[in-house]
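Just below is one structure, and these are the notes that go with it.
In what follows, chains carry the letters A, B, and so on, assigned in the order in which the sequence lines appear, proteins first and then strands, with residues in each chain numbered from 1.
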Amino acid sequence: MKEQHNQDQELYQLEDEMKEVFSSYVVKSPSSQDTKALLAALQPTFNEIGSSPEEEFIQETIQPPSFLSQLKAQISFYQWHFWVTSTLIFVMLTLFSSNAYVTEATQFYQFAIPLSMLVGVFYTYQTWNKQMRIIESITPFPPALLLLSRMVIILAMNIIMGIIGSFYLSFKVQHFELLPFLLDWIAPAMLIYGMIAYVMMRKGVKFGLAFGIAAWIVLMVIGAIYQTHGYAIVQFSHSQVAGIQTFLVTLGLFLLFLAYKKSLKLQTMFR
Amino acid sequence: MISDERLLEQMAEGDQAAFEAFVHRYHVPIHQYTERLLKDSKKAEDVVQETFIRLLKQLKSKQIPTYPKAWLYRVASNICKDYWRSAQYRSEDTAKEEMPITVDQQASVVEIYERQETRKEMLASLKSLSESQQQIVTLRFYEDMKLKEIADILDIPLGTVKSNLFHALKKLKGVLSKEAEKEAEKNEGTTQSRPRAVSTRR
């Protein structure tokens with residue numbers, strides 16, 4: 001430190017000594033005419049600045065990906081063990097149901113498929129961590145819509161596997177009618193799923209899941225009560241039952257559509 | 001006074017008055033700086049013009065230098081360096097000792113002669129320095145730059161500026177002292193000798 005200070009002092013002293021010598025080297029100072037000549041020489045280059053078109057930042061409107069392409073992209077989100085596990089569950093359900101009567105098989109499906117959907121939604125939400133949501137919140141696709149697209153994948157998977165299982169049962173189970181059987185489990189599943197999606201978009205994921213579980217339990221209980229005591233009180237014809245089930249499926253799809261519309265506007269799912 | 005940065009911003013928008021004001025502000029200092037480095041007034045004018053053209057091109061691409069003064073000196077220095085490295089410089093007779101000098105109308109003939117002699121010695125001694133040492137000395141003594149500013153312009157560490165300046169001044173002092181001694185020996189026997197350019201007293 002002291003050595004540095006001494007060196008600096010020596011430099012400043014040397015500068016003082018040499019100042020006078022340097023003053024002898026005088027150079028010509030350009031005149032105002034020289035400056036004018038320089039300005040004239042530079043003018044064409046300067047004019048190019050003014051004539052250059054304004055840099056226009058082309059605001060490329062970012063087109064959000066279509067819902068279908070988003071669905072395709074989100075399929076890869078689920079890892080292979082999820083698909084294998086889901087398939088195994090359906091194979092077991094179908095094989096178990098194939099040894100039962102039609103009414104029992106219907107109850108198994110009515111119980112198992114909405115449960116599978118709920119578990120699927122829970123899995124989707126749990127693996128959709130906070131960090132991922134932060135990244136996704138800056139994409140042109142609303143995070144709520146991303147979650148909904150994953151839920152639709154779960155729904156589609158359950159419906160497809162359920163239909164395949166139902167076809168298998170139609171060959172294995174005696175007195176099996178395919179269409180009523182399909183409506184028996186698709187109607188409650190669709191209604192529960194529509195409710196989960198709708199409530200989720202308005203009140204949050206946890207509230208939506210809780211509401212879905214509650215709806216599932218209520219439907220199960222109502223179904224059980226009707227099967228044990230209901231026939232004696234109210235007797236519905238097959239066509240009436242089919243009408244009610246069709247209405248429930250339509251209601252479920254409508255709630256799902258409302259959830260989709262809502263998800264387009266939601267920019268956060270931190271609830 | 002309007003800042004350099006503001007002037008450049010206005011120039012970038014095509015403001016003619018700002019353009020003229022900026023050129024008026026820096027024409028003389030940049031010209032003198034490059035002339036001292038190149039020891040050629042005509043070549044210095046070319047360098048000045050090239051420096052300003054590079055600035056205008058920079059502005060055209062909407063890039064305004066953050067420290068315009070340092071930017072100008074740096075660009076001028078680099079153009080001089082390129083010139084020194086060029087074949088043109090090597091092929092030219094670079095002994096430009098007969099440079100125009102500012103004439104003080106009130107000075108006597110003897111004074112003018114002495115001043116020219118000292119100037120010749122000065123030019124000769126400056127030639128003994130390396131290119132970077134010449135740049136540092138010129139910026140320090142003729143452009144009145146701070147050591148930190150020189151470091152920024154030449155893009156070298158402050159310590160390097162100090163050590164280069166120190167060695168350059170030592171060398172210059174040595175060269176000029178020898179010249180003065182030779183002059184004294186030449187004038188030995190005469191009644192009056194020309195005053196020594198440098199005091200060797202420490």
message: Using 0.5 Å steps for rounding, measure from the CD1 atom of B:Ile53 to the CD atom of A:Glu48.
response: 9.5 Å

task: Please name the pair of heavy atoms, one in B:Gln16 and one in A:Phe46, separated by the smallest distance, quoted to 0.1 Å.
output: OE1-CE2, 3.4 Å

query: Which atoms form the tightest heavy-atom contact between A:Gln43 and B:Phe19, and what is the distance?
result: OE1-CE2, 3.4 Å

query: Do other residues, nucleotides or ligands put more than 12 heavy atoms under 6.0 Å from A:Phe254 CZ?
result: no

task: Give, for atom CG of A:Leu39 and atom NE2 of B:His24, the distance between the pair rounded to the nearest 0.5 Å.
output: 5.0 Å

field: B:His27 and A:Asp34: CA distance, side-chain angles, deciding distance, side-chain contact (heavy atoms from CB on, under 4.5 Å) verdict
entry: CA-CA 9 Å; B:His27 181 203; A:Asp34 293 332; 3.9 Å; yes

For the student: nearest non-hydrogen atoms of B:Lys173 and A:Leu14, plus distance: CD-CD1, 3.8 Å

field: Inter-residue atom distance B:Leu56.CG - A:Thr45.OG1, 0.5 Å rounding
entry: 6.0 Å

- line: Rounding to 0.5 Å, atoms OH (A:Tyr12) and CG (B:Leu165) come to a distance of 9.5 Å

query: Measuring heavy-atom distances to chain A, does B:Glu45 have an atom under 4.5 Å in its side chain, in its backbone, in both, or in neither?
result: side chain

query: So with a 6.0 Å cut-off around CG of A:Asp16, is the heavy-atom count from everything else above 12?
result: yes

field: Closest contact, heavy atoms only, A:Ser29 versus B:Val28
entry: OG-CG1, 3.4 Å

field: Part of A:Leu42 lying under 4.5 Å from any heavy atom of chain B
entry: both

field: Which atoms of B:Phe52 approach chain A - backbone, side chain, both or neither, heavy atom under 4.5 Å
entry: both

message: As an exercise, state the distance from NE2 of B:His31 to CG of A:Leu38, rounded to the nearest 0.5 Å.
response: 10.0 Å

- line: Here the gap from B:Lys60 atom NZ to A:Asn47 atom CG, rounded to the nearest 0.5 Å, amounts to 11.0 Å

